[in-house]
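Predicted, not measured: the structure shown is a model, and the values here were computed from it. As the structure lists them, so they are numbered: ligands from 1, and atoms in each ligand from 1.
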Amino acid sequence: MSRRAVVIGAGLAGMLAAAALSAVADEVVVLDRDDLPEGPEHRKGLPQGRHAHLLMAGGLGSMEDLVPGVDMRKHLLAAGAHEIPLGSGMAALTPEGWLRRWRHPGPSMLTCTRALLDWAVRGAVLDSTGVVVRKARVLELTGSRQCVTGVRLSTAAGEEELAADFVVDASGRGSRIVTWLAGLGVDDVREKTVDAGLVNATRLYRTPEGAGRFPLTMVQADPYQGRPGRSGMVLPIEGDRWMVSLAGTRGGGEPPSDPDEFLRYTLELPDPIVGRLISGAEPLTDVHVSRSTSNHRRYLEKVRSWPDRLVVLGDALATFNPAYGQGMSVAALGARELARELRRSGSGLGQPGLARRVQRRAARPVEAAWTMAVSQDVWYPGTRGGSPGLADRLVTAYTRRMIRTATGSYTAASALWDVMSMTTGPARLLRPSTVLATLSGPPLPAAVGAPLTEDERAVLRRLDRTGG
Ligand SMILES: Cc1cc2nc3c(=O)[nH]c(=O)nc-3n(C[C@H](O)[C@H](O)[C@H](O)COP(=O)(O)OP(=O)(O)OC[C@H]3O[C@@H](n4cnc5c(N)ncnc54)[C@H](O)[C@@H]3O)c2cc1C
C-alpha cells in the first residue's frame, strides 16, 4: 500500500518538511491556499515577505542536509543572494557600541528577498524529489485524539477529505492548529505571547554606483534604556538593490510609512549612518509596513497525549520578534529533526510515538530562539505578556557585558555570532573561554564611529546628502 504524507503550507517550513518526508513516503503532497508564483515574486500568503529576511548559517546548514543533491548555498548565491561574513562584512552598532570588523570572516549569513529565497528553495525541493504542490486551503484535521488520518480541504471544486499516513502543519503564524487539535479532543495546548508591539517598515532602493561592496549596515535597538526600541538596517539583495528595513516598538518607536518621515527616522537613530547612506539613493518602491511580529509559542511538546502522525513546524509552532532573524532557521532546524527521526525509525511513517519525538526535538531550537528574543523584548516599555524576572535580569547582565566585550574581543564576538547564527545553542555563551573573555572585558578599545575602511568612508561621504 502506498504511503502518503500531506504538508499544510508551501512556505519554507512546509517545503523543507516535504523534502524530509520524500525520503520515506511514496507520495508527498504540499497544500497551499496561495497561487505560488513561477518566479521570485512576492505573494499574498507571505505578507512578511516584503521585509528583510536574513538566513543564518544554522538554517542554511539544515537546508543543505534536507534537500538531496543540492548545494543550497551555491544554489542561492547563483540565484542572486549575497553572502555576508558576520566578522568582516558587517558594520553593526549594538547597544554597547560598534562591533569591530575582523580579518577573520566568522560565520556567514545570506541576504536576498524572501520571494527569491522561497522560490529557490521550492524549486530545489520540487526538482530533486517527487514532492507535488496543490492549491487548496486546509479546513481541519481528520482522525482522533490518538492518531491523525488526513485533512479536510477546500478547493475551487469544493470540499474534500484527503487521507494521509502523516500530516505536517506548516501553515505559518496564522495556523489554526490549536482549534484543529481541539476538534480532535486535544484541548490542553498551553500558549504564550510576548509582544513588544514591533512595527517593520521597509523600502527598496537601487544600490548607488560604486556602493555594491559597502558592508551590511545596522543600527540595533536598545532594549535597556526604558525607551521604545528603534533600529535600521541596509542590506544588499539581488538585482543590485538595497533593502532598507526599519523596526521600532510600541509607544513611539514605530517607523513611519511616509517616505520623508522614513528618512527622518533613520537620521534620528543613535547613529545616522543608515540615513546618510540612503539620502541620495533612488527609491524603487513605496514604504511597506507590517505589524505581525509578536513572540508566540505553542507548547505542543508538553501536550499530555500527542496524536500519532501529526507534526507542527515553523511559525505554526512558534514565532519570534523578527529583529533577531531566527524564524526561518528554526523552521529549517525543525524540519531537520523530522528527517532525523524518520531515518532513525526506519521507514515507519506510522510508528507510534514518532510524531511526539519529533515535536519534542523541534522544541529545542524553539527554546533557544525564544529565550534570546524574549529576554530582550521584556525590557521594552509597553511589552505585553511578559516583564523582566530574576532569570531575565541575570541573563541580561551577562549578555550586556558580553556584547560590550565583543566590541573589542574576537573570542566574545565569535561566541555571539555562533549563537546568533544558530549553529550552536546558547550553552556556547557559557563555555569557559567565553566566560573568561567576558569577565576580562574587551582587550581592544571600542571603535569610535562606524568601522569602515578609508574607501568605504569615501563612499559614505559621496552618498551623503544630509549635510552631516
Ligand atoms: C517582518 C518580519 C521579518 C522577518 N525576518 C526574518 C529574518 O530576518 N530571518 C528569519 O529567519 N526569519 C524572519 N522572519 C520570520 C519568518 O518570516 C518566518 O519564521 C518564516 O516565514 C516561517 O516559515 P513557515 O513556512 O513556517 O511559514 P510561512 O512562511 O508563513 O508559510 C506558511 C504557508 O502556509 C500557507 N497556509 C496558511 N494557512 C493555510 C491553510 N489553511 N491551508 C493551506 N495553506 C495555508 C500560506 O499561504 C503560506 O504559504 C521574519 C518575520 C517577519 C514578520
Side-chain angles (χ1 to χ4, degrees), residues 6-18 29-37 42-60 62-63 84 109-115 117-119 121-122 133-141 151-155 162 167-177 179-180 198-202 216 218 233 235 237 243 245-247 255 288-296 312-335 362 365-366 369 373 420-422:
V6 164
V7 178
I8 312 167
L12 268 189
M15 292 314 299
L16 295 172
V29 185
V30 181
L31 304 170
D32 203 290
R33 61 185 177 184
D34 237 8
D35 284 314
L36 301 176
H42 179 71
R43 66 185 172 93
K44 210 168 67 218
L46 274 188
Q48 74 270 39
R50 300 259 187 217
H51 300 286
H53 272 77
L54 311 173
L55 178 61
M56 299 298 171
L60 178 63
S62 303
M63 291 183 188
I84 313 287
M109 63 185 170
L110 295 188
T111 62
C112 58
T113 58
R114 177 66 195 269
L117 189 66
D118 272 33
W119 167 76
V121 171
R122 192 167 66 242
V133 179
R134 197 180 146 193
K135 184 173 179 183
R137 176 187 294 275
V138 172
L139 303 172
E140 62 182 4
L141 302 172
V151 297
R152 199 162 66 79
L153 55 85
S154 149
T155 64
L162 182 64
V167 175
V168 173
D169 177 25
S171 61
R173 183 176 278 270
S175 167
R176 304 196 60 237
I177 189 66
T179 312
W180 292 345
L198 189 90
V199 174
N200 277 85
T202 298
L216 184 149
M218 63 166 80
M233 171 160 70
L235 58 140
I237 56 167
M243 180 177 271
S245 245
L246 313 182
H288 292 284
V289 172
S290 81
R291 293 187 159 76
S292 296
T293 55
S294 60
N295 303 284
H296 182 76
V312 181
L313 295 175
D315 278 14
L317 178 58
T319 61
F320 315 94
N321 174 339
Y324 310 106
Q326 302 160 311
M328 299 188 300
S329 293
V330 171
L333 287 157
V366 167
M420 267 173 59
S421 302
M422 306 206 78

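Counting only heavy atoms from C-beta outward, the side chains of Arg173 and His296 never approach each other to under 4.5 Å.
In the candidate list Arg291, His288, Met328, His53, His53 is nearest to atom 50 (C) of ligand 1, counting heavy atoms. Nearest-heavy-atom check against atom 51 (C) of ligand 1 across Pro322, Ala323, Ser245, Ala332 picks out Pro322. Here the shortest heavy-atom distance to atom 28 (P) of ligand 1, taken over Leu46, Val199, Leu12, belongs to Leu46.
Looking at Arg33 next to ligand 1, an N or O pair under 3.5 Å apart turns up. Of the polar atoms of Asn200, none of the N or O atoms is found under 3.5 Å from an N or O of ligand 1, judged by distance alone. Among the atoms of Ala13, some N or O lies under 3.5 angstrom from an N or O of ligand 1. Checked against a 3.5 angstrom limit, the closest N/O atoms of Ala316 and ligand 1 fall outside it. Considering backbone and side-chain N/O of Arg114, one or more are found under 3.5 Å from N/O of ligand 1. Distances between N or O atoms of Asp32 and those of ligand 1 include at least one value under 3.5 Å. Between Leu54 and ligand 1, an N or O atom pair is found at a separation short of 3.5 Å. The N/O atoms of Ser290, backbone and side chain alike, include none that comes under 3.5 Å of an N/O atom in ligand 1.
Close to ligand 1: Arg43, with a non-hydrogen atom less than 4.0 angstrom away. Using a non-hydrogen distance threshold of 4.0 Å, Ala136 registers as a contact of ligand 1. Proximity of Ala52 to ligand 1 is established by a heavy-atom distance of less than 4.0 Å. At least one heavy atom of Ala170 sits under 4.0 Å from some atom of ligand 1.
Side chain of Asn295 to main chain of Asn321: a donor-acceptor pair is present (N/O by atom type, distance under 3.5 Å, no hydrogens or angles). Without hydrogens or angle criteria, Thr319 side chain to Ser294 main chain gives a donor-acceptor distance under 3.5 Å.
Leu12 approaches Met328 most closely through the heavy-atom pair CD1-SD, 3.5 Å.
Partners of Arg122 under the salt bridge (charged side-chain N to carboxylate O under 4.0 Å, His left out) rule, at least two apart in sequence or in another chain, do not exist in this structure. With sequence neighbours excluded, no residue forms a salt bridge (charged side-chain N to carboxylate O under 4.0 Å, His left out) with Asp315.
Close contacts between ligand 1 and Gly9 involve ligand atoms 33 (C), 34 (O), 35 (C) [criterion: under 4.0 Å to a heavy atom]. Using a 4.0 Å cut-off to heavy atoms of Gly172, the atoms of ligand 1 that qualify are 27 (O), 30 (O), 32 (C).
Interatomic distance, His42 NE2 to Gln48 CD, rounded to the nearest 0.5 Å: 8.5 Å.
When each of Ile8, Val6, Asp169 is tested with Leu141 by the rule side-chain contact (heavy atoms from CB on, under 4.5 Å), just one qualifies, namely Ile8. Results of the side-chain contact (heavy atoms from CB on, under 4.5 Å) test with Leu54 over Leu110, Ile84, Thr111 single out Thr111 as the only residue that passes.
For Arg43 and Asp35, the salt-bridge test fails: no basic side-chain N is under 4.0 Å from an acidic carboxylate O.
A side-chain donor-acceptor contact under 3.5 Å links His51 and Thr202.
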